[in-house]
Amino acid sequence: MAGEFPVFISPMDVGFEGNTGRYRHADTVEDLAAILLSSKCDWSNVPSFHRALVSTLEALEFYADAASARAAFVVAAHEAGLQVLPDDAADVRKVG
């Protein structure tokens, strides 16, 4: 049954509301799905949103390919203008 065991990913922090320091932490595919389904971000104009959502749901259902689900999430997050750490850490250092 899906959801019995967490499906872990490489940890990340997703930044919301510009550079105000509001981040949501994700350690599992469940965390990614929760972010995708939350109202914190408007995903309506993000072309890769559905691919990210399908990838996370497949990883939850089949306990497989968590890295692909994470990668699809990062693509969607970037299209939505969100910062993803540590993935974007090099860009943050360049700005600072």
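Values below: all heavy atoms of this structure, side chains included; hydrogens, waters and symmetry mates excluded.
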Kindly work out whether a path of hydrophobic side-chain contacts (I/L/V/M/F/W/Y, heavy atoms less than 4.5 Å apart) joins [X] to [Y].
X	Y	value
V46	L37	yes
L57	Y63	yes
F8	L36	no
F62	L60	no

Quick one: [atom1] on [X] to [atom2] on [Y], what's the gap to the nearest 0.5 Å?
X	Y	atom1	atom2	value
T56	I9	OG1	CD1	10.0 Å
S48	L53	OG	CG	11.0 Å
R24	S38	CZ	OG	5.0 Å
D87	F73	CG	CZ	10.0 Å
D31	T28	CG	OG1	3.0 Å
D13	L82	CG	CG	12.5 Å

Which heavy-atom pair separates [X] from [Y] by the least distance, and what is that distance?
X	Y	answer
A76	A52	CB-CB, 3.9 Å
W43	A80	CZ3-CB, 3.9 Å
S10	R70	O-NE, 2.8 Å
A59	A69	CB-CB, 4.1 Å

Give a yes or no on whether H25 atom NE2 has more than 12 heavy-atom contacts from other residues, nucleotides or ligands under 6.0 Å away. yes
Answer yes or no: is there a side-chain heavy-atom contact under 4.5 Å between H78 and V84? yes
Would a 4.5 Å heavy-atom cut-off, applied to side chains only, mark V75 and R51 as touching? no
